[in-house]
Structure formats: C-alpha cells, structure tokens
Novice: 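I am attaching a structure below and will ask some questions about it afterwards.
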Amino acid sequence: MTPARFYIGIFGALVALTLITVLVSSLQLPTAPRVVFGLAVAGAKASLIVLFFMHLKSEREMVFWPLALTAFLFVFLLAFVLWSEADHIVGPTLGS
Amino acid sequence: MHVLPYTTEVRADTGLTSPKLGIWLFLASEVMLFGSLFSSYALLRTGAASWPDQSAVLSVPLATLNTIILISSSVTMVLAWTALAPGPQAQNPARFKLYMGLTLLLGAAFLAVKAIEYGDKFAHGLFPATNTFLALYFTMTGVHAVHVLVGMAVNAYLLVSGARMWRTEPERFANRVEIAGIYWHFVDVVWVFLFPVLYLL
Amino acid sequence: MGLLYGFTSLFFLLVGFTLVVIIRWQLAYPGSPVPYIGSLFGTANAPGGIVLPEFYNQLGAMHGTIMVFLGVVPLAVGAFGNYLIPLQIGAPDMAFPRLNLASYWFYLAGGTVMLASFFVPGGAANNGWTSYPPLSDLAPGTGQTWWLVGMAFLINSSLLGALNFITTVVQLRAPGMTWFRLPFFVWAQFITAFLLLLAFPPLEGAAILQGMDRLAGTSFFLPSGLAVSGRPLGVAGGGSALLWQHLFWFLAHPEVYVLILPAMGIVAEIVTNNTRKPLWGYRVMVYSLFALGFLSFIVWAHHMFLTGMGTAVSAFFQTTTMIVSIPSVVILSSLILSLHGGSIRFTTPMLFALAFIPMFGIGGLTGLPLGLATTDIPLHDTAYVVGHFHYLVAPGTIFALFAGIYHWFPRLTGRMMNDTLGRIHFAGSLVCMNVIFMPMFVQGLAGVNRRLWDGGAEYAHAQGVLSLNVPMSIAAFALAFFQLFFIVNLFASLKAGRQAAANPWSATTLEWQAATSSLRVYRNPYEYSVPGASADFLPQHLPADA
C-alpha cells in the first residue's frame with residue numbers, strides 16, 4: 001500500500017467517526033454516556049491523527065517522555081480543578 | 001551557509017533532528033494552553049446552575065462541515081509532505097505545490113465558515129458577554145482560529161518560497177514541510193476535541 | 001545573547017528594587033512625604049509626595065511582577081543559561097539561534113509594556129502580582145490590561161526559550177558529554193526549562209480569559225450575584241474567581257522552582273570549585289532535581305488553603321507539599337556535605353555561595369508551617385509569608401546570582417572583579433537582608449497582614465511589632481547603598497579590572513576552555529583532587545590517560 005492510499009484510508013476512518021459522533025449526539029442520551037462517548041470518539045480520532053499523520057508511532061523516546069508528562073499534567077490539572085470545586089466547605093453566607 | 005548540526009541529519013543517540021524535537025516540545029506547551037481552556041470549560045460548566053442546550057445555540061451542521069474540511073486539510077498536508085519525503089517513490093515538487101495549495105484553500109474555507117458562524121451569532125445578539133457558554137465558545141474557537149491563521153501563514157510561506165529551497169537544500173525543505181505539517185495536524189486535533197465539547201455535549 | 005539578557009535583567013532588578021525602597025519608606029513612616037523623589041510621582045499618585053493607597057498598591061504589584069518575571073528569571077535563566085549552557089556542553093550555539101533572539105525581543109516588549117503601564121491613566125496594575133479576580137477583573141483604568149498584555153509577551157518569551165534550552169541540551173552535547181557528565185548547572189537549567197514549558201501556558205490561558213472579562217464583558221471569573229459598591233454588577237455571571245487562582249498557581253508554584261533551581265546550579269558549581277572536591281552526591285542531586293521538578297507541578301493548591309477547599313483535597317496538597325521539601329533538603333545537604341574535608345577558598349563568589357546555604361535553609365524551613373493547612377490559617381497573607389519567600393529569593397537566589405556574576409565575570413571579560421568591593425558588597429548585603437526579612441516573621445506571627453498601605457497602623461493587636469518597620473526600612477536603604485559597591489565594581493572592572501588568567505579559578509568544566517565546540521569530553525565534571533593526578537584538577541576535555 002502506498003503512503004497516499006494509507007493516509008486516505010485514515011481519512012475515511014476519521015470521516016466515519018465524525019458522522020458517528022454527530023448521529024449519536026442526536027439521540028439525546030443522558031449526560032454521563034453522552035460525555036463518555038463523545039470524548040472517546042474524539043480521543044480515537046485524535047489518536048489516528050497523532051499516531052499516523054504526525055508519525056508519533058515511529059517517533060523516539062526523547063519525544064515520547066515529554067509528551068507523556070504533558071498528558072499527565074493536563075489530566076491532573078483538569079481532575080484537581082474539578083475535585084477542589086466538588087470538595088468544598090460551604091460556610092454560612094454573609095449577611096445572614 | 002553554516003547550519004547547526006542535527007538540523008537535517010538525525011543525531012545517533014537520540015534519533016531526532018533538532019527541529020523535530022523542538023516542534024513536539026512546542027506542541028506540549030500548546031496542549032497545556034488548550035488544556036487550561038478545556039479545564040476552565042469543565043469547571044464552569046459543572047459549577048453552573050444551568051447551561052444552555054449547546055446544539056440548539058450553535059449550528060451542528062456547519063461545524064460538522066468544518067470538521068470534515070479541517071480533517072481533509074490534514075490529509076492534503078500529509079500528502080504534500082509525502083510528495084517531497086525521501087523514500088522509494090520519486091519526489092514530486094509539483095504535487096507538493098498542488099497539495100499545499102489545497103491545504104491552504106481548505107484552511108481558508110474553515111475560517112470562512114467560522115466567520116459565517118460568528119456573524120450569525122452576532123446578528124442574533126449573541127456575544128461573548130451574553131453568557132458563560134458563549135464566552136467559552138467564542139474564546140476557545142477564537143484562540144483556535146488564531147492558531148489556524150498562524151499555520152496558514154507558515155504554509156503560505158513554504159508554498160511561495162519552496163521552489164528555491166527545494167533546488168538548493170531539498171532534504172532540509174522536506175523537513176520543514178514535515179514540521180509545519182506536525183503543527184497543522186495538532187491544530188486539527190484541537191478542533192477534533194473542540195467540536196464535540198462545544199457543539200455536541 | 002546572555003549579555004543582552006544580563007544587562008536588561010539587571011536594569012529591571014534595579015527598577016524593582018527602587019519600587020520597594022519607596023514601599024519601605026511608606027511602611028516605616030506612613031503618611032509622610034517621600035524625601036527627594038516624592039515630587040516625581042505626580043499628584044495622581046502621591047500628592048505632596050505622600051504615597052496614596054492606590055499608588056502603594058501599584059508599587060507592590062509591580063515590584064513583585066518586575067522582580068520575578070523581568071529581573072530574576074531573565075537573569076537566572078536567560079542570561080546565565082544562554083551564556084553558559086552552550087559553553088558547558090561544548091555546543092557551537094543554542095539549537096535555534098533566531099528563535100532565541102525572538103525570545104529576547106518578546107522579553108523586551110513585555111518589559112516595556114510593564115514599565116509603560118505606570119504612565120497610563122489610573123497607573124500600573126495594582127492588584128498584587130497575583131492579580132486575583134474579582135478585583136483585577138474590575139480594576140478601573142487600563143493598567144491591569146497592560147499587565148495582561150505584558151505577561152503574554154513574557155510567557156511567550158519563556159516558552160520559546162525553554163524549548164530552545166531543552167533541544168540544545170538534548171541534541172548539541174559535544175562528543176563524550178554523556179548525560180551524567182553534564183555539570184550540575186546544566187541539569188538545573190534543563191529541568192527548569194521543562195517547568196517553564198509546561199507550567200506557563202495555563203497562566204497564558206488565564207490571562208486570555210481575564211482579558212476577555214476586562215475587554216469583552218465576559219464573566220469567566222465573576223460569580224453570579226456579585227455586587228460592587230452596593231449595586232449588582234451588570235454581567236452574565238456564572239464565573240469562578242477560584243478558577244483564576246487554580247490557573248495562576250498552577251504556573252506560579254513551579255515558577256518559584258524556576259527561581260531557585262538555576263541558583264542551586266550556580267551554587268553547586270562554585271562550591272565544588274572552591275572546595276577542590278567533587279560535588280558530594282552528584283547523582284542523587286540530579287535525581288532530586290527530577291523529583292523537585294515533577295512534584296512542583298502537583299502542590300499548587302497550598303496557596304489556596306483558605307479558599308474553602310474540602311478536607312480531602314487539602315490533605316492531598318498538604319501531603320505533596322511536605323514531600324516536595326525532601327528533594328530540596330537532599331540538595332542542600334549534599335551542598336553542605338560537599339564542604340566537609342574540602343580545602344575551602346573564600347573567594348568572593350564562594351562567600352555568596354556559602355551564605356546561600358543557611359539563607360535558603362531559613363527560607364525553606366519557614367515554609368513548613370505554611371504548607372500545613374492548620375498552621376497556614378493564622379499565617380496566610382501575613383508578613384510571615386513575605387519573609388518566607390524573600391529569604392528564598394533575596395539572600396537565596398539573588399545571592400547565588402551575585403556569586404555567579406563574580407565567578408564568571410573573568411570568563412566573559414578576561415578581567416577579575418575587585419575583591420575588596422565584592423566583600424563589602426557581600427557583608428553589607430547579608431546583614432541588611434537579614435535585618436529586613438527576619439522581623440517579618442515576628443510581624444506575621446503577630447497578625448500583621450501583607451500588602452497594607454499603612455503597614456498595619458490600624459491593627460491594635462500588632463502595635464508592638466510595627467515599630468520594627470523603622471529598622472527594617474533603614475536596612476533597606478542601607479541595602480540600596482551597598483549595591484552601589486557592586487554597580488561600581490561591575491563597570492569599573494569592565495574597564496580596568498585586573499587581567500585574568502585563562503582559567504583563573506582552576507575549574508574543570510568546559511566553559512573555561514577556548515574553542516569549546518571543538519572539544520571532546522573524557523571526564524566527569526568535577527575531577528578535583530583526584531588521588532595520584534598530576535594537578536589538583538583535571539578538566540573535562542583532558543583525555544583519560546593524561
């Protein structure tokens with residue numbers, strides 16, 4: 001398979017995933033499955049682009065480790081911002 | 001012209017050229033930038049008393065079209081690089097120009113659709129100040145659009161100046177196209193997340 | 001490039017220091033006109049030379065911003081890093097020279113915007129260097145917006161610089177310069193670059209959001225139902241002031257490690273050189289740098305203990321904060337152990353490097369009660385905090401930077417700086433800094449808040465400690481005086497300093513050799529006093545059998 005055919009193949013997969021995610025979102029699922037599915041499909045599409053268009057699959061350790069650290073920090077930032085917001089001490093309101 | 005080592009040739013113990021490492025490090029910082037904006041979205045939405053039905057406020061068909069446009073531009077971008085990359089098939093600068101031109105066209109189309117979307121919102125009195133969701137929508141897609149614009153400027157430069165460098169330093173030029181491609185694909189990846197988060201969820 | 005950064009950052013340090021000298025006058029003698037220069041501030045800021053609260057707040061916010069972002073980091077990273085890294089690793093240049101120049105121009109642009117903001121209507125940003133909303137969102141005038149623009153320039157400068165540093169160290173090491181033959185200074189800069197690369201972007205994101213709030217009427221950081229001066233604010237609401245704090249501190253905590261790591265690197269180089277012994281525990285110190293770098297990203301909410309966070313989140317961040325102190329202690333202990341059994345030369349750089357150790361120790365130890373939520377409750381936002389971090393930055397980092405300037409001046413210029421002036425500079429600065437910052441712990445424990453325009457004059461419970469403000473301020477003025485010895489020394493030695501030998505400190509690392517990019521490395525970085533060797537030091541480029 002020539003490189004061009006391979007990339008077109010990935011393109012086809014990406015378009016298919018896009019259409020799937022739009023169709024599923026029109027089903028009006030409850031929040032949790034909707035979010036999980038939407039992000040999962042986005043993650044799959046992003047992985048295809050990163051691994052194959054950006055050639056990360058064949059890239060070296062020296063690139064991989066900074067990216068792994070970055071991914072960890074992004075998840076940590078997201079998670080802890082949400083956690084601190086959820087785990088709040090609600091005191092008496094002022095003026096009451 | 002004096003060129004620093006490992007600009008075009010790979011360093012043995014790391015397996016990388018310097019520009020390749022540089023662009024990935026830059027993208028790592030961009031992940032943190034967009035990551036902070038996505039985190040802001042998550043925080044503000046989960047903390048909100050009420051949140052508008054996003055797909056009712058925004059146009060899902062237009063955004064789906066834009067998603068296809070941007071993904072297509074990623075394909076044309078990687079095909080532009082394939083036309084110049086060292087390998088078994090012959091290099092073809094004319095094919096590079098075709099695909100790079102298409103990438104630029106598709107990028108412009110993306111921005112045009114975005115402009116239509118924004119204009120439509122403003123015409124209906126919907127502005128960033130209107131509510132938190134719209135503030136996030138305009139800011140996140142705005143920052144993304146700026147990145148698209150910068151990518152297009154780089155691609156335009158490569159298209160226009162390419163002929164000369166292809167004649168004198170073909171491998172270095174091919175690498176530059178690859179690096180620009182990696183950036184452009186990243187811009188696509190960000191949109192791949194923006195689309196469901198802002199339009200579908 | 002290093003030189004450009006060096007002079008620019010020293011200029012900004014001077015500006016930042018001048019701002020605080022005015023603050024110290026106001027703290028010692030609240031409400032009395034600033035002598036000599038009071039009339040220069042204009043009637044909007046200081047009618048009759050008496051500092052108004054709004055102007056005091058500008059001085060405070062800009063002192064912090066300028067010292068951290070325009071002074072210390074550009075000097076520690078931009079100047080020392082750009083100059084020494086290529087030399088110490090045997091590289092011909094930084095990996096991306098033009099990007100490097102762009103970094104500098106962004107820095108200069110950011111600095112210009114920051115300084116210019118003093119002259120716009122309403123003056124410079126006056127919401128603390130931390131710019132907490134809702135206050136910063138709603139601050140009148142354009143100064144705060146200028147601050148956001150300035151920060152955007154500075155952040156981009158740092159990002160480009162960081163990726164340059166990382167790529168250079170990875171890709172352009174000379175043949176034979178393996179990872180564990182790198183001087184500790186290079187390791188410190190390498191880890192610092194990762195901190196800058198990954199921690200700064202969320203602040204850029206936050207600055208964009210605050211810019212939208214200030215310019216486009218959004219409410220990213222404005223909660224619903226907010227009333228200002230008794231009237232409800234006419235914005236959509238729904239925002240979160242805490243969101244800013246999270247994004248800000250996500251950067252600002254790693255930022256303080258950006259401030260200290262290069263300093264540790266400089267001190268390590270000078271200590272090993274002036275004890276004529278290898279660094280004790282070099283490998284452990286390097287692993288500690290990794291630990292410090294990684295942990296620094298996951299402690300940030302210890303700046304937010306008083307925001308109503310729940311016990312689970314609080315416990316998590318207290319734990320990580322306590323753990324992050326361990327690698328610092330390891331590094332400090334290694335430096336102390338490096339002294340044991342050494343033949344110590346008390347050169348001027350060594351004096352500053354030696355003083356760094358206990359001063360950093362005091363700064364670090366005083367941080368422990370701040371890192372535990374219960375003890376943080378009475379201490380948060382008091383003068384105690386100000387004392388804590390100043391011990392780390394002033395007799396800590398800045399002393400290390402002075403040490404570095406005295407140490408590498410001969411490499412840069414071929415001349416030595418004057419020893420006598422250097423020792424006077426050292427002694428005067430050390431004494432004055434302690435007189436300024438030690439009483440802050442006392443004041444903080446007595447409950448005096450930070451950022452108070454009148455220094456706490458209205459606090460009945462703290463009257464006893466407020467009188468300390470007078471000797472503290474006198475020490476600040478004296479500190480200014482003692483910097484003259486340094487400034488004069490710097491410029492006079494440039495012209496007429498004693499000619500230096502090629503490697504005046506008899507150092508092992510590559511930067512002291514000529515034509516560093518053509519060298520090959522055969523040895524570890526600190527081969528001092530090797531038993532059986534012909535000399536008391538063996539430079540890294542000397543072949544193994546010599």
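Note that the structure is a prediction, hence the values are computed from the model and not measured. Each chain gets a letter, A, B and so on, in the order its sequence line appears, and its residues count up from 1.
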Novice: What's the separation between atom CG in Leu14(A) and atom CG in Asp188(B), rounded to the nearest 0.5 Å?
Specialist: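 Leu14(A) atom CG to Asp188(B) atom CG measures 7.5 Å (nearest 0.5 Å).
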Novice: Are more than 12 heavy atoms from other residues, nucleotides or ligands located less than 6.0 Å from atom CZ of Phe122(B)?
Specialist: yes
Novice: Counting only non-hydrogen atoms closer than 4.5 Å, does Val60(B) touch chain A with its backbone (N, CA, C, O), its side chain (CB onward), both, or neither?
Specialist: side chain
Novice: Heavy atoms only: give me the nearest Val35(A)-Leu201(B) pair and the separation to one decimal.
Specialist: CA-CD2, 3.5 Å
Novice: Which residue out of Leu69(A), Leu17(A), Leu82(A) racks up the most heavy-atom pairs below 4.5 Å with chain B?
Specialist: Leu82(A)
Novice: What part of Leu67(A) lies closer than 4.5 angstrom to a heavy atom of chain B: side chain, backbone, both or neither?
Specialist: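 Answer is side chain: those atoms of Leu67(A) sit under 4.5 Å from chain B.
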Novice: Could you pull out the closest heavy-atom pair between Val192(B) and Ala46(A), with the gap in Å?
Specialist: CG1-N, 4.0 Å
Novice: Measure Ser40(B) against the heavy atoms of chain A and call it side chain, backbone, both or neither at under 4.5 Å.
Specialist: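 Neither part, no heavy atoms under 4.5 Å.
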Novice: Please check if the number of heavy atoms outside Lys97(B) that lie under 6.0 Å from its NZ is greater than 12.
Specialist: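 Count not over threshold, so no.
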Novice: Rounded to the nearest 0.5 Å, what separation is found between the CZ atom of Phe53(A) and the CH2 atom of Trp184(B)?
Specialist: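 Phe53(A) CZ to Trp184(B) CH2: 13.5 Å, rounded to 0.5 Å.
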Novice: Is the closest side-chain heavy-atom distance between Thr18(A) and Phe195(B) below 4.5 Å?
Specialist: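 Yes, at least one pair of side-chain atoms sits under 4.5 Å.
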Novice: Counting only heavy atoms closer than 4.5 Å, note whether Ser74(B) contacts chain A via side chain, backbone, both or neither.
Specialist: both
Novice: Find the distance between CG (Leu19(A)) and CD1 (Ile68(B)) and round it off to the nearest 0.5 Å.
Specialist: 5.5 Å
Novice: With side chains defined as the heavy atoms from C-beta onward, is the minimum distance between Val197(B) and Leu39(A) less than 4.5 Å?
Specialist: yes
Novice: So, taking the atom named OG in Ser36(B) and the one named CG in Leu73(A), what distance separates them when rounded to the nearest 0.5 Å?
Specialist: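 Taking OG in Ser36(B) and CG in Leu73(A), the distance rounds to 12.5 Å.
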Novice: To the nearest 0.5 Å, what is the distance between OG1 (Thr70(A)) and CG (Leu25(B))?
Specialist: 8.5 Å
Novice: What are the two closest non-hydrogen atoms of Phe74(A) and Ser39(B), and how far apart are they?
Specialist: CE1-OG, 4.2 Å
Novice: Under a 4.5 Å heavy-atom cut-off, does chain A meet the side chain of Tyr199(B), its backbone, both or neither?
Specialist: neither
Novice: Arg11(B) versus chain A, heavy atoms under 4.5 Å apart: side chain, backbone, both or neither?
Specialist: neither
Novice: Quick check: do Phe38(B) and Leu78(A) have side-chain heavy atoms less than 4.5 Å from each other?
Specialist: no
Novice: With side chains defined as the heavy atoms from C-beta onward, is the minimum distance between Trp24(B) and Pro66(A) less than 4.5 Å?
Specialist: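 Sidechains of Pro66(A) and Trp24(B): no contact.
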Novice: Hey, what do you get for OG1 (Thr82(B)) to OH (Tyr7(A)), rounding to the nearest 0.5 Å?
Specialist: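 It comes to 5.0 Å.
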Novice: For a 4.5 angstrom cut-off between non-hydrogen side-chain atoms, does Trp191(B) reach Lys45(A)?
Specialist: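 Counting from C-beta outward, Trp191(B) and Lys45(A) never come under 4.5 Å.
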Novice: Heavy-atom pairs under 4.5 Å with chain B: which of Glu59(A), Met54(A), Met62(A) has the most?
Specialist: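 Most pairs with chain B among the choices: Met54(A).
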Novice: Among Val189(B), Val78(B), Thr14(B), which has the most heavy-atom pairs under 4.5 Å with chain A?
Specialist: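 Looking at each of Val189(B), Val78(B), Thr14(B) in turn, Val78(B) comes out on top.
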Novice: Checking Ser25(A) against chain B: side chain, backbone, both or neither under 4.5 Å from a heavy atom?
Specialist: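 It is the side chain, since no backbone atom gets that close.
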